[in-house]
Peer 1: 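One structure, pasted below without further comment.
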Amino acid sequence: MIEFKQVGKYFNGKPAIEHLDLNIAKGEFTVLIGTSGSGKSTTLKMINRLIEHDQGKILFAGEEIHNFKPEELRRRMGYAIQSIGLFPHWTVEKNIATVPQLLKWPRAKIRDRVTELLELLHLDAEQFRHRFPHQLSGGQQQRVGVARALAANPDVLLMDEPFGALDPVTRASMQAEIVRIHRLSGRTLVLVTHDIDEALTLADRIILLDNGKVVQQGTPQQMLLQPATPFVRAFFGQDDIGIRLLGLGTAGSHARPGEQLPGIAVAASLSLREALSIFIARQAEQLPVAGEDGKVVGVLHFRDLIKPVKGEG
Ligand SMILES: Nc1ncnc2c1ncn2[C@@H]1O[C@H](COP(=O)(O)OP(=O)(O)O)[C@@H](O)[C@H]1O
Ligand SMILES: [Mg+2]
């Protein structure tokens with residue numbers, strides 16, 4: 001879907017990105033991670049030509065991005081950023097409708113789309129559509145920013161630290177929302193973050209950048225279990241690797257199906273990391289696991305925590 005071939009970008013003669021090769025598959029959730037100044041935002045902005053690259057080739061759907069009109073790129077790639085960038089004197093509705101209006105969609109279609117997006121992001125449409133950005137909380141503003149990026153049904157969603165300014169609870173709920181949207185739509189997502197746990201939770205594939213170069217790319221499991229260099233190992237936190245691996249599995253994925261046990265059940269969607277905490281708190285060695293309907297679907301055994309998570313190895 002998106003391909004970089006030996007891409008380079010210079011600012012004032014200094015390289016920000018050098019010899020960058022990337023391949024982002026259609027429908028994949030890719031996370032770009034790295035320390036501050038490693039070139040994450042520059043890489044993302046080169047995809048939608050907010051920044052023009054100096055060397056190499058960038059292909060979108062098999063064609064060089066220079067062959068697309070900027071409007072077409074904007075329509076096909078939604079873009080959401082940490083600072084949100086909502087227009088302060090426009091209502092929520094008008095903000096979300098930015099690209100559909102550029103594309104001259106009929107009014108009724110725009111209205112319906114805004115309603116649909118607000119509901120998708122759990123904002124009451126009638127309550128919020130006529131408000132101005134300053135009448136929203138930070139978390140609600142970021143939701144509107146994501147809704148705006150999704151408005152014209154883009155093939156690709158580019159997000160630069162979109163949850164950076166949020167408190168941990170709102171952040172977790174936005175992350176869950178993005179995962180849900182990704183599952184529903186099968187859209188190609190590229191997200192920039194410097195937050196390791198966010199990358200591990202969200203990504204199908206992680207690309208670790210350092211000094212404008214790819215150090216390693218792979219699944220979250222590969223990054224944790226097969227670090228290519230000492231830098232990668234240190235970046236993902238040598239001492240926290242076990243706990244982070246637990247974060248990749250769920251109670252549902254590790255429960256012994258069909259077993260029953262009385263007691264308060266944990267949700268199948270609970271991460272093994274949280275399950276570990278509950279094992280310790282309850283001083284239990286087994287936990288009943290329930291599906292969304294509350295029915296026990298199996299039992300999670302403490303000793304099964306060390307079994308590999310899906311896709312590991
Ligand atoms: N507009 C710019 N002018 C000059 N230097 C820039 C500009 N944008 C980014 N850089 C430099 O390019 C490098 C990569 O920046 P950036 O892509 O923003 O990193 P990240 O998003 O990973 O923090 C940094 O050294 C930064 O200072
Ligand atoms: Mg950045």
Side-chain angles (χ1 to χ4, degrees), residues 2-24 28-60 65-66 70 73-74 77-86 138-139 141-142 145-146 148-149 156-168 171 174-175 178 188-218 220 223 227-237:
I2 300 163
E3 212 178 326
F4 278 50
K5 293 183 177 175
Q6 292 292 304
V7 170
K9 174 71 199 172
Y10 297 81
F11 292 112
N12 313 317
K14 276 210 248 160
I17 297 290
E18 276 188 306
H19 305 294
L20 189 65
D21 286 320
L22 287 182
N23 207 332
I24 294 168
E28 198 176 48
F29 199 143
T30 301
V31 172
L32 292 173
I33 192 167
T35 50
S36 175
S38 56
K40 306 181 294 295
S41 298
T42 304
T43 301
L44 199 71
K45 287 177 184 159
M46 289 193 295
I47 298 175
N48 66 1
R49 289 180 63 187
L50 277 177
I51 292 181
E52 300 283 358
H53 59 286
D54 298 323
Q55 288 177 340
K57 280 187 186 163
I58 302 178
L59 307 180
F60 172 52
I65 55 166
H66 288 125
L73 278 186
R74 229 174 309 168
M77 299 186 193
Y79 180 61
I81 49 178
Q82 172 174 0
S83 56
I84 309 159
L86 297 180
Q141 289 185 33
Q142 286 198 311
V146 173
R148 180 175 61 179
V156 176
L157 189 57
L158 306 174
M159 292 184 285
D160 197 342
E161 313 213 12
F163 320 130
L166 300 179
D167 64 85
R171 192 179 174 109
M174 278 298 284
Q175 288 171 348
I178 286 294
T188 308
L189 260 78
V190 189
L191 180 134
V192 163
T193 186
H194 60 259
D195 184 307
I196 293 165
D197 290 312
E198 179 162 286
L200 293 170
T201 311
L202 296 178
D204 294 324
R205 204 156 56 99
I206 294 176
I207 298 173
L208 175 61
L209 293 176
D210 187 40
N211 271 320
K213 297 201 179 82
V214 173
V215 193
Q216 186 174 354
Q217 47 182 307
M223 304 300 272
T229 66
F231 173 81
V232 181
R233 190 186 301 275
F235 186 87
F236 285 99

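Start at 1 with the first residue, then count along the sequence. Order of appearance sets the numbers: ligands from 1, and atoms from 1 within every ligand.
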Peer 1: Just do the side chain to side chain contact (heavy atoms under 4.5 Å, CB included) check on F29 and L191 with the steps written out, would you?
Peer 2: CA-CA 8 Å; F29 199 143; L191 180 134; 3.9 Å; yes
Peer 1: Does the side chain of K57 reach to within under 4.5 Å of the side chain of E3, using non-hydrogen atoms?
Peer 2: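 Side-chain contact under 4.5 Å: no.
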Peer 1: Is there an N/O/S atom in S41 that lies less than 2.8 Å from the Mg ion (ligand 2)?
Peer 2: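 Coordinating: yes.
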Peer 1: Give the protein residues with at least one non-hydrogen atom closer than 4.0 Å to an atom of ligand 1, ordered by chain and number.
Peer 2: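 Around ligand 1, where the cutoff is 4.0 Å for heavy atoms, the contacting residues are F11, A16, T35, S36, G37, S38, G39, K40, S41, T42.
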Peer 1: Checking R233 side chain against P227 main chain: does a donor-acceptor pair fall under 3.5 Å?
Peer 2: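 Side chain of R233 to backbone of P227: no pair is present.
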Peer 1: How far apart are the closest heavy atoms of A149 and L157, and which atoms are they?
Peer 2: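 Between these two residues, the closest heavy atoms are CB-CD1, 3.5 Å.
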Peer 1: With rounding to the nearest 0.5 angstrom, report the OG1 to CG distance, T193 to L202.
Peer 2: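 Reported to 0.5 Å precision, the distance equals 8.0 Å.
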Peer 1: Could you list the donor-acceptor pairs under 3.5 angstrom formed between side-chain atoms of residues 208-218 and any protein atom two or more places apart in sequence or on another chain?
Peer 2:
unit_1, atom_1, unit_2, atom_2, d
Q216, OE1, A228, N, 2.6
Q216, NE2, Q226, O, 2.9
Q217, OE1, R205, NH1, 2.3

